[in-house]
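Read through the structure below, which is laid out as structure tokens, and then see the notes.
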There are 2 protein chains.
Amino acid sequence: MKTISQARVQNERRILKAAIEEFEQYGFSGSRMQRIADRAKLPKANIHYYFKNKTELYTAVLNNIVSLWNKAFDRISVEDEPANALRGYIHAKLEYSQSNAAAARVFTNEIVSGAPHLKKYLKTDLRSWVTERAGVIQQWANLGKIDPINPYHLIFLIWGATQHYADYHTQVSAIMGKRKLDKCDYDEITNSLVEIILKGCGLKVR
Amino acid sequence: MKTISQARVQNERRILKAAIEEFEQYGFSGSRMQRIADRAKLPKANIHYYFKNKTELYTAVLNNIVSLWNKAFDRISVEDEPANALRGYIHAKLEYSQSNAAAARVFTNEIVSGAPHLKKYLKTDLRSWVTERAGVIQQWANLGKIDPINPYHLIFLIWGATQHYADYHTQVSAIMGKRKLDKCDYDEITNSLVEIILKGCGLKVR
DNA sequence: GTCTATAGTTAGATAGAC
DNA sequence: GTCTATCTAACTATAGAC
């Protein structure tokens, strides 16, 4: 027998999952509450029962994505050797792009649209996060452990390169002549990116 | 005195410019013909006079972007030295991301949404283009002119890294603490990317 | 908590005067 | 080629029975 709050948690989760798919495909303004309801196999009125309106549902989805992202990357250690740290980070980012591709695309959609719902997060939490990591890379450079590159653009390079496989998955698959990329492809991608980026920073690849 | 066809050309151009801004911000389904009309400072009915419906207008915008892209990158020479060719390509791509940022974001929006209007282009024209370039990079590797990296993922790395500055402009600016990136920033970005990627392929940076 | 019915609004598109 | 008025369809959101 299900308690009421179990039903609530379960339904909210189902709605969020359906909403991610809808927002991924159509963006915020293009998404339809009716289609979200259909995807979640619930009457439209129930969506409004759990989430007051479209904006609140979208905000919940974004918060979900951001907290997922934080959980995945806040543990990146700053005391590691540069080569290990960067290799681990590229690996984790690609893993994330693969297993959370839909969420990653919702995030991109929001940023491409000018980040109307995330401006504050970008300017506060995310900015501190990057500034901190950039400081560590700068210290590595000062100690001669890595070539003197601009730490911010190294981070953006890793983000751009890894996020590309989530955002541009359709294009990448079309070019590679596959329906979708498999485990094997992602291993090849990881190796390629790790090799070029580490070597590009003056680090030994292995 | 304006001839009829001058008015036609001029209005079509104004509508396309307005449409790019609208599609950039809201995606296809989220865009509103009324807002496009407002941006172009024309009555909504006129938009429908020049473009039969929303889909036709969107398709015109995408064709515009694709032909712009082809014009900018089809001249990339295959006989160049690897270092010169890659440097030139990274440079051109970043230049494009900077001066055609809105168009680049419309394209990304379309791909992120699953490329419903561009699947055919991706599987035919773009695929051939990439296959051809990948072949050249492979030949470079066979001749020992460049380290043996996967040519496809090198191309995707360059695309991802350069496109990031158009698509994620809002996020990059927020992190850098600026309202927008200037000429100086783009020079720094070009240098950073060229250095890491060339070195990463075993090439001399200069 | 669930769901049907519907209110209220706004969208894409067009008819027809100028 | 321009523009007002308007049609039909689709949307968000809610009221109220169960």
Between CG of B/Asn11 and C1' of D/dG1 the distance, given in whole Å, is 9 Å
From the list A/Leu193, A/Val172, A/Ile189, side-chain contact (heavy atoms from CB on, under 4.5 Å) with B/His153 holds only for A/Ile189
> Would you say the side-chain atoms of A/Glu22 pair up with the backbone N or O of A/Arg32, donor to acceptor, closer than 3.5 Å?
Replying inline: yes
Once base and sugar-phosphate atoms are separated, protein heavy atoms under 4.0 Å mark nucleotides 11-18 of chain D, 5' to 3', with B, S and - as SBBB----
Atom NZ of B/Lys41 and atom P of D/dT2 are separated, to the nearest Å, by 16 Å
At under 4.0 Å between heavy atoms, what does B/Tyr50 touch on the DNA or RNA strands: base, sugar-phosphate, or nothing?
sugar-phosphate
Salt bridge (charged side-chain N to carboxylate O under 4.0 Å, His left out) pairs touching residues 89-109 of chain B, sequence neighbours excluded, are B/Glu24-B/Arg105
Q.
Counting the benzene-type ring for Trp, do A/Tyr96 and A/Phe73 have ring centres under 6.0 Å apart?
A. yes
Is B/Asp182 reaching over with its side chain to a backbone N or O of B/Asp185, donor-acceptor style, under 3.5 angstrom?
-> yes
Rounded to whole Å, CG of B/Asn46 lies from C1' of C/dA15 at a distance of 14 Å
B/Ile47 CD1 to C/dA11 C1', in whole Å, measures 15 Å
Sequence neighbours excluded, the answer for salt bridge (Lys or Arg N to Asp or Glu O under 4.0 Å) partners of A/Asp147 is B/Lys199
